[in-house]
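Below you'll find the structure, written out as structure tokens, and then a few comments.
One-based numbering along the sequence shown. Excluded from the calculations below are hydrogen atoms, water molecules and symmetry mates; all remaining heavy atoms, backbone and side chain alike, are included. Note that ligands are numbered from 1 as they come in the structure, with each ligand's atoms numbered from 1 the same way.
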Amino acid sequence: MKLMKLSDAIGIEATSIDLMHPIADSDFQRLYRGWLDSTILLVRGQNLTPEGLISFSRRFGELMVYTRSENAMRSYPEILILSNILREGRPIGAAVSGRYWHTDGHYLETPPAASFLYGAEVPPVGGDTWFANMYSAYDSLAEEMKRRLVGLKVVISRVQSRPYNYPDKPPVTEAERAAWPDMPQPMVRTHPESGRKALYVGGNVPWRIIGMPVEESEPLVTELQRHAIQSRFVHVHRWQPGDLIVWDNRSCLHRATEYDQIHHRRLMYRTTTVGDKPIG
Ligand code: SIN
């Protein structure tokens with residue numbers, strides 16, 4: 001197995017490795033360490049079965065069944081299907097997913113640690129995934145800003161984010177409102193394994209900072225969100241069939257781009273590992 005830098009902004013790529021075969025512990029330790037340090041791992045040219053994806057993902061930690069269970073694979077509920085492919089007139093998975101900058105499960109008390117995305121079928125153009133390095137985004141803040149952010153928390157609210165992220169969906173219902181409690185999260189997150197600090201304010205939603213008037217909170221959150229997605233922190237991944245990417249939700253943001261859903265198919269399988277409660 002060889003490891004090399006994926007881009008100046010973020011990531012490593014592992015080559016000469018077949019994830020359908022067991023990986024020696026020493027190789028896995030190198031892979032895991034490289035992933036923790038660089039926040040995303042790419043492995044190309046794989047031919048993964050659902051069992052293969054699950055067993056590689058389990059090397060990173062316990063798997064969780066994600067929130068949108070209607071898009072889970074029937075015989076493997078740990079696998080979420082992201083796809084526009086229709087069966088009996090309905091998409092077999094989430095046809096539109098993650099088109100805005102985010103970190104998975106930001107609205108959960110214990111968001112997932114790692115997310116794995118395996119591209120089985122990908123469109124020739126578009127349907128890319130962008131990644132932004134939140135260690136670098138934090139490290140590059142002015143010292144004064146770092147001091148200002150100490151101890152600050154934002155309220156992550158699925159109710160507030162719905163019109164920003166899904167403008168085409170109907171307004172939030174009373175049942176959804178009841179099921180989606182507000183979740184206070186630190187704006188700077190200390191990674192539980194690396195001990196490094198990462199910015200944790202993803203998204204395009206002007207989250208409310210607890211204890212701060214809205215006139216002060218909104219511009220601060222917006223400024224940090226703009227800072228976080230500068231091109232120097234971003235890598236654009238153009239998928240090839242057989243690519244697997246593992247990203248660390250504790251230290252990066254990601255977003256998917258559009259593609260021609262009428263003429264092209266995209267079939268992606270996703271797993272996630274259980275994470276920790278974010279610590280500021
Ligand atoms: C996601 O946010 O998990 C979706 C990423 C993608 O489909 O590229």
Side-chain angles (χ1 to χ4, degrees), residues 6-7 9-11 35 39-44 46 48 53-54 57 60 63-73 76-85 91-108 111-134 156 158 161-162 164-169 200-205 225 228-229 234-261 264-275:
L6 183 60
S7 72
I10 194 168
W35 169 72
T39 104
I40 69 170
L41 162 70
L42 166 66
V43 193
R44 297 203 118 132
Q46 300 302 303
L48 289 178
L53 174 61
I54 288 177
S57 307
F60 287 69
L63 295 193
M64 66 189 271
V65 174
Y66 210 61
T67 45
R68 291 171 297 164
S69 54
E70 72 278 10
N71 297 314
M73 217 172 180
Y76 298 95
E78 305 91 333
I79 298 183
L80 190 68
I81 304 179
L82 311 180
S83 185
N84 62 329
I85 297 172
I92 58 171
V96 176
S97 192
R99 294 273 167 88
Y100 52 93
W101 283 108
H102 65 285
T103 168
D104 289 334
H106 206 176
Y107 49 84
L108 299 173
S115 294
F116 302 72
L117 194 61
Y118 175 61
E121 288 186 55
V122 300
V125 180
D128 305 326
T129 312
W130 296 26
F131 296 94
N133 189 331
M134 291 304 102
I156 302 297
R158 287 178 82 175
S161 72
R162 167 67 82 79
Y164 290 91
N165 298 332
Y166 299 102
D168 50 326
K169 285 202 176 166
Y200 198 54
V201 282
N204 51 349
V205 181
Q225 288 170 337
I229 56 166
V234 171
H235 171 69
V236 175
H237 183 66
R238 307 226 147 85
W239 290 91
Q240 294 172 11
D243 285 356
L244 174 76
I245 292 211
V246 189
W247 65 86
D248 188 341
N249 286 298
R250 303 161 296 186
S251 55
C252 76
L253 296 177
H254 64 282
R255 64 178 286 248
T257 64
E258 290 175 15
Y259 63 100
D260 178 349
Q261 297 212 17
H264 298 296
R265 290 160 55 116
R266 189 173 192 259
L267 174 60
M268 316 292 284
Y269 296 107
R270 206 182 85 166
T271 48
T272 38
T273 60
V274 173

- prompt: Any donor-acceptor pair under 3.5 Å linking the side chain of Gln225 with the backbone of Val205?
  reply: yes

- request: Spell out, as yes or no, whether a donor-acceptor pair under 3.5 Å connects the side chain of Asn133 to the backbone of Ala9.
  value: yes

message: Angle between ring planes, His235 versus His237, binned at 30° and 60°: parallel, tilted or perpendicular?
response: tilted

field: Distance in Å, Ile81 CD1 paired with Ile92 CD1, rounded so as to fall on 0.5 Å steps
entry: 5.0 Å

- prompt: Tyr259 side chain to His264 main-chain N or O, any donor-acceptor pair under 3.5 Å?
  reply: no

query: Applying a 4.0 Å heavy-atom criterion (strictly less than), which segment of Arg255 is in contact with ligand 1: side chain, backbone, both, or neither?
result: neither

query: Going by atom types only, do Asp104 and His102 share a side-chain donor-acceptor pair under 3.5 Å?
result: yes

Atoms in ligand 1 with a heavy atom of His102 nearer than 4.0 Å: 2 (O)

field: Polar contact flag for Ser97 and ligand 1 (N/O pairs, less than 3.5 Å)
entry: no

- request: With heavy atoms of Ala256 as the reference, note each atom of ligand 1 found under 4.0 Å away.
  value: 5 (C), 6 (C), 7 (O), 8 (O)

query: With only distance considered, is Arg270 within less than 3.5 Å of ligand 1 through an N or O on each side?
result: yes

statement: To atom 4 (C) of ligand 1, the nearest of Thr129, Thr103, Val96, Leu82 on a heavy-atom basis is Leu82

- prompt: Sub-3.5 Å donor-acceptor pair from the side chain of Arg266 to the main-chain atoms of Gly127, do we have one?
  reply: yes

Atoms of ligand 1 close to His254 [distance to a heavy atom under 4.0 angstrom, numbered from 1]: 1 (C), 2 (O), 3 (O)

query: How are the rings of Phe131 and Trp247 set to each other: parallel, tilted or perpendicular (split at 30° and 60°)?
result: tilted

task: Say whether Trp247, considering both its backbone and side-chain N or O atoms, lies within less than 3.5 Å of an N or O atom on ligand 1.
output: no

- prompt: Is there a heavy atom in Arg266 that sits closer than 4.0 Å to ligand 1?
  reply: yes

message: Under a 4.0 angstrom heavy-atom cut-off, which atoms of ligand 1 come close to Gly98?
response: 2 (O)

- request: Could you tell me whether ligand 1 has any atom less than 4.0 Å away from a heavy atom of Met268?
  value: no

task: Return yes or no for this condition: an N or O of Asp104 is under 3.5 Å from an N or O of ligand 1.
output: no

